[in-house]
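Below you'll find the structure, written out as structure tokens, and then a few comments.
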Protein chains: 2
Amino acid sequence: MTISEENYIKVIYHLSLVSPKGVNTNAIAGMLDTKASSVTDMMKKLSDKDLVSYQKYQGVTLTEKGFHSAKMIVRKHRLWEVFLVDKLGFSWDEVHEIAEELEHIKSEQLINKLDAFLGFPAADPHGDPIPDAKGVIKKIEKQLLSEVEINASFHCVGVKDSSTDFLKYLDKQKIALGSVVKVIDKEDFDDTLTVEIDGKRLTISNKIANNLYVQ
Amino acid sequence: MTISEENYIKVIYHLSLVSPKGVNTNAIAGMLDTKASSVTDMMKKLSDKDLVSYQKYQGVTLTEKGFHSAKMIVRKHRLWEVFLVDKLGFSWDEVHEIAEELEHIKSEQLINKLDAFLGFPAADPHGDPIPDAKGVIKKIEKQLLSEVEINASFHCVGVKDSSTDFLKYLDKQKIALGSVVKVIDKEDFDDTLTVEIDGKRLTISNKIANNLYVQ
DNA sequence: TTTTATTTTTAGATTTGTCTAAATTTAATT
DNA sequence: AATTAAATTTAGACAAATCTAAAAATAAAA
Ligand SMILES: [Mn+2]
Ligand SMILES: [Mn+2]
Ligand SMILES: [Mn+2]
Ligand SMILES: [Mn+2]
């Protein structure tokens with residue numbers, strides 16, 4: 001599998017979590033910053049290799065084989081992110097790009113040894129679960145902060161949006177994975193929340209609450 | 001710079017340590033397991049990018065720019081090898097292939113943080129010196145075991161040949177970097193050596209002694 | 001110094017991944 | 001149901017990196 005093929009497979013994997021009935025050509029093109037016609041070409045290639053099932057105009061889904069490959073790439077991506085943050089001291093907004101390259105390094109032994117070295121982490125620095133060597137993903141129980149009842153306490157466990165902008169906003173507000181959050185009040189008009197994070201009062205917009213997972 | 005260009009630059013670097021006046025097309029092709037005609041094409045490309053100076057039929061040399069790039073690739077290769085052996089527990093004969101891929105990961109910050117994480121090692125698992133962030137290589141004093149006087153004691157500090165076969169032979173004989181070696185006797189006929197390694201008597205061929213550096 | 005052998009380069013083709021522009025299919029609107 | 005709009009695919013082209021086969025240049029041998 002080439003790097004390009006791997007990038008396609010991973011994008012299809014992520015998109016099919018949202019649209020399991022079939023992923024659109026255009027959606028793939030958007031994620032990979034390429035053109036729809038290039039996607040069509042690649043779908044034929046991946047279909048020939050039995051990594052996706054593809055019928056003209058009908059969108060694509062991953063085959064068993066493609067699904068497993070995708071999880072192995074995601075596994076590598078997330079383990080490398082843990083390495084970069086835990087061992088090398090990168091911050092969580094700096095690691096995605098580098099992991100985007102590291103995820104294509106080809107040794108299975110490497111990734112299993114890295115997993116062990118990191119202590120078999122369950123989640124990456126953004127709270128996303130790490131598939132094990134067999135591809136099994138332990139689902140992490142979590143809710144969006146925007147959907148949680150008032151006056152109960154939770155822990156931050158993940159982010160939905162892991163863009164630099166959002167992560168840096170969280171850093172600024174001293175919100176990190178593990179922080180204790182309690183919703184004090186919710187504004188009816190625009191769903192703005194008054195929260196207490198690690199004991200400190202804060203007002204956050206619905207957009208923020210909509211991208212923060214708690215448990 | 002593409003991965004392919006980087007591989008060419010690195011090979012030219014290694015070959016020019018032996019033939020500083022100019023590296024042959026055929027030699028490059030041999031190292032990269034490709035054809036001479038492909039090398040010619042690439043030399044034009046690298047020349048256009050001012051990474052090598054190239055004149056038809058005359059061989060190539062690295063420019064300042066190419067020389068620096070080469071050292072940065074070698075730096076990455078060797079640091080990753082240290083990581084694989086010291087942190088992940090690979091043996092020294094398993095790491096070259098993987099480092100061959102890791103050396104192309106593009107972040108300068110990554111490699112400098114990795115360097116710090118590893119404690120700024122001076123040499124890789126095969127005893128080869130690691131260029132620092134500026135490209136400076138501290139030369140390691142060393143002699144081939146085949147050229148050393150009899151009855152003096154040395155430490156193993158490196159290997160000239162780092163093929164799996166040779167490294168596995170050394171493992172079998174319990175010869176590692178750091179081992180203490182003393183040449184007891186040298187056979188006139190074929191230069192076979194009788195040595196004492198960490199106190200243990202051993203007979204080794206000239207070919208072995210010719211690929212083991214001591215200090 | 002010719003002749004022969006070796007090395008290197010050119011010419012032309014192939015594969016991979018991409019693009020633009022045009023054609024086709026499907027979906028959405030009148 | 002007919003028309004318009006959007007999504008998708010085809011056709012044809014291009015750059016990167018490679019190859020084979022033939023031509024040219026250099027080195028070695030007679
Ligand atoms: Mn990637
Ligand atoms: Mn992540
Ligand atoms: Mn390489
Ligand atoms: Mn090495």
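The structure displayed is predicted, hence computed values, not measured ones. Hydrogens, waters and symmetry mates are skipped; everything else that's a heavy atom, side chains included, is used. In what follows, every chain begins at residue 1, and chains take the letters A, B, ... in the order their sequences are listed.
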*Evaluate the ring-ring contact (aromatic ring centres under 6.0 Å, His included) criterion for residues His96(B) and His77(B): first the C-alpha distance (whole Å), next the side-chain angles of each, then the deciding distance (0.1 Å), finally the verdict.*
CA-CA 8 Å; His96(B) 184 81; His77(B) 185 103; 4.7 Å; yes
*OP1, OP2 of dT18(C) versus side-chain N and O of Ser4(A): anything below 4.0 Å?*
yes
*Figure out the CD1/P separation between Ile28(B) and dT7(C), and round it to whole Å.*
14 Å
*To the nearest Å, give me how far apart CD (Gln58(A)) and C1' (dT25(C)) are.*
10 Å
*asked:* Counting only side-chain nitrogens and oxygens, does Thr2(A) get under 4.0 Å of the OP1 or OP2 atom of dT16(C)?
replied: no
*asked:* Just to be sure I understand the rule, does Ser38(A) reach a base, reach only the sugar-phosphate, or reach nothing, if contact means heavy atoms closer than 4.0 Å?
replied: base
_For dT20(C), does the base pair up with any side-chain atom of Ser37(A) as donor and acceptor (N or O, under 3.5 Å, distance only)?_
yes
_Looking at Glu149(B) and Lys186(B), is any side-chain nitrogen of the basic one under 4.0 Å from a carboxylate oxygen of the acidic one?_
no
_Carboxylate-amine/guanidinium contact Glu108(B) Lys113(B), below 4.0 Å_ = no
*asked:* At less than 4.0 Å, is any side-chain N or O atom of Lys56(B) found next to OP1 or OP2 of dT7(C)? Yes or no.
replied: no
_Looking at dT20(C), I'd like to know if its phosphate oxygens (OP1 or OP2) sit under 4.0 Å from a side-chain N or O belonging to Lys35(A)._
yes
*Please walk me through it: do Glu103(A) and Arg75(A) pass side-chain contact (heavy atoms from CB on, under 4.5 Å)?*
CA-CA 8 Å; Glu103(A) 72 190 359; Arg75(A) 169 172 164 77; over 6 Å; no
*Starting from the 5' end of DNA chain D, give me the residue, Gly59(A) or Met42(B), whose nearest nucleotide shows up first.*
Gly59(A)
_Ala36(B), nearest nucleotide to its side chain (from dT18(C), dG17(C), dT9(C))_ = dT9(C)
_Pair Lys10(B) + Glu100(B): basic N to acidic O under 4.0 Å_ = yes
*asked:* Checking the side chain of Ser205(A) only, and the main-chain atoms of Ile208(A) only, is there a donor and an acceptor separated by less than 3.5 Å?
replied: yes
*If only atom types and distance count, is the side chain of Ser16(A) paired as donor or acceptor with the main-chain N or O of Tyr13(A) below 3.5 Å?*
yes
_Tell me whether Lys168(B) is salt-bridged to Asp93(B), with the criterion being a basic N under 4.0 Å from an acidic carboxylate O._
yes
*Anything under 4.0 Å to a heavy atom of chain A counts; send over the first and last such nucleotide of DNA chain D, read 5' to 3'.*
dA7(D) to dT10(D)
*Report the residue (Tyr57(A) or Ile3(A)) whose heavy-atom-nearest nucleotide on DNA chain C is the more 5′ of the two.*
Ile3(A)
_Taking the six-membered ring of Phe117(A) as reference, does the cationic atom of Lys87(A) (NZ for Lys, CZ for Arg) lie under 6.0 Å from its centre and within 45° of its axis?_
yes
_So if I take residues 7-27 of chain A and measure heavy-atom distances to DNA chain C, which residues fall below 4.0 Å?_
Tyr8(A)
